[in-house]
Amino acid sequence: MELTIGWLYPKLMSTYGDRGNVICLQRRCQWRGIGVNILPLDQDKKVEDFAKFDLIVGGGAQDRQQEIVMRDLRGEKAAVLKEKIEAGIPGVFTCGAPQLLGKYYEPALGKTIEGLGIFDLVTKHPGLNVPRCIGNIAFELVASPLVEEIQQMLGDCPIVVGFENHGGRTYLGKVSPLGKVVKGYGNNGEDGWEGAFYNNAIATYAHGPLLPKNPFLADWLIVKAIEKKYGERVDLKPLDDSLAHLAREAILRRIC
Ligand code: GLN
C-alpha cells in the first residue's frame with residue numbers, strides 16, 4: 001500500500017511547527033509498512049499535481065502569505081481541491097488554511113480574501129489593537145461520525161490538546177464544529193466551538209502540531225485515506241503512543 005500526502009504551500013504555510021503533521025503521518029504509515037510520497041503543492045505546481053494526493057495537509061500562515069496563496073489557488077487548482085474534499089478524501093487544515101477554505105477572511109489590514117467556500121464558515125480579524133487568541137487549547141471532539149469512529153478505534157475519545165495563535169475569529173454556518181472548547185479560545189472565544197468538520201476534512205485552530213500531540217487523529221486520517229484509495233477498511237497495527245499520551249495528560253493537568 002502507498003499513500004501520497006499532498007502538502008499545501010509548505011513554503012508559505014508552515015507556522016508553529018505545522019510541518020510536524022506531515023512528518024507524523026509519514027512515520028506512522030512507514031512504521032506499519034505503508035509507503036508514503038510527500039507531494040509539496042507550492043506555487044510552481046500545476047493543476048494536475050493537485051489531483052494526485054490521497055490525503056491533504058494545510059498549515060497556518062500569516063495574513064500576507066494567505067493572500068499570496070489565494071492568488072495562486074483560485075480557479076482550476078481550487079476546483080480540484082474542492083472536488084477531492086467533496087469526494088471524501090481526508091485532510092487536516094490548521095488555522096490559516098481553514099480560513100482560506102471557508103467563504104472569506106477579513107484580515108486586519110487590506111481587502112477581504114475570498115475563500116474557496118468548501119467549509120461553510122467565515123473569518124473576521126477584529127483589528128490589530130484587539131488581543132490575539134494565544135495559548136494552549138483543549139477541546140472535546142463533537143463531530144460525527146469522527147467521534148464514533150475514534151471511539152471504535154480506541155475504546156474512548158480522548159480530549160484533543162494543541163496550541164493556538166490567531167487574530168481571526170471564525171464563525172460557523174451550517175458546517176459541524178470539530179469540537180467544544182474545554183480550555184482556550186477556539187474559533188472565536190465566544191461561542192465555545194473549535195474548528196469544523198466536513199466530509200472527512202478536519203479544520204482546526206490547534207497547532208502543536210496537532211497530530212503528534214493527538215496521534216489517534218493521524219491514524220483516523222490514514223484509515224480514511226486507505227479506505228478511499230483501496231476500498232478496504234484496515235485495522236492499523238497499534239503503536240507505542242505512551243509518551244504522547246503522557247504529554248497530553250501533563251498539558252491537561254496544567255491548563256484545566
Ligand atoms: N493569519 C491568521 C490569523 O492571524 C492565521 C494565523 C495562523 O495561521 N496561525 O488569524
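All residue numbers in this chain count up from 1 along the given sequence.
A donor-acceptor pair under 3.5 Å is absent between the side-chain atoms of Asp63 and the main chain of Pro107, judged by distance alone.
Counting heavy atoms of neighbouring residues, nucleotides and ligands inside a 6.0 Å radius, atom CG of Asp235 does not exceed 12 of them. A 6.0 Å sphere centred on NZ of Lys45 holds more than 12 heavy atoms belonging to other residues, nucleotides or ligands.
Applying the side-chain hydrogen bond (donor to acceptor under 3.5 Å, both in side chains) test to every pair with at least one member in residues 80-98, sequence neighbours left out, gives these pairs: Glu86-Tyr198.
Under the 4.5 Å side-chain criterion, counting only non-hydrogen atoms from C-beta, Lys180 is not in contact with Phe139. Side-chain atoms of Ile34 and Leu236, non-hydrogen and from C-beta on, do get closer than 4.5 Å to each other. In this structure, Gln66 and Cys95 have side chains that are not in contact, with every pair of non-hydrogen atoms separated by 4.5 Å or more.
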Donor-acceptor pairs are to be reported for all side-chain atoms of residues 146-154 against protein atoms at under 3.5 Å, with residues two or more places apart or in another chain.
residue, atom, partner, partner atom, Å
Glu148, OE1, Ser144, OG, 3.1
Glu148, OE2, Ser144, OG, 3.2
Glu149, OE1, Trp220, NE1, 2.9
Glu149, OE1, Lys224, NZ, 3.1
Glu149, OE2, Lys224, NZ, 3.4

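Partners of Pro212 by side chain to side chain contact (heavy atoms under 4.5 Å, CB included), not counting sequence neighbours, listed by chain and number: Asn21, Cys24, Pro209. Every residue two or more places apart in sequence or in another chain that forms a side chain to side chain contact (heavy atoms under 4.5 Å, CB included) with Ala196 is listed here: Phe119, Leu121, Leu172, Val175, Ala203.
Atom CG of Leu73 and atom CD of Glu114 lie 13.0 Å apart (nearest 0.5 Å).
Through direct or indirect side-chain contacts shorter than 4.5 Å among Ile, Leu, Val, Met, Phe, Trp and Tyr, Tyr171 is connected to Tyr104, Val122. Taking Ile, Leu, Val, Met, Phe, Trp and Tyr as hydrophobic and joining them when side-chain heavy atoms fall under 4.5 Å apart, one finds Leu109 in a cluster with Leu128.
Salt-bridge check for Lys52 with Asp49: passed, with a basic side-chain N closer than 4.0 Å to an acidic carboxylate O.
Applying the side chain to side chain contact (heavy atoms under 4.5 Å, CB included) test between Asn214 and each of Val161, Thr204, Asp219, Asp241 identifies Val161 as the sole match. The side chain to side chain donor-acceptor pair (under 3.5 Å) test with Tyr205 singles out one residue from Asn188, Asn187, Thr170, and that residue is Thr170.
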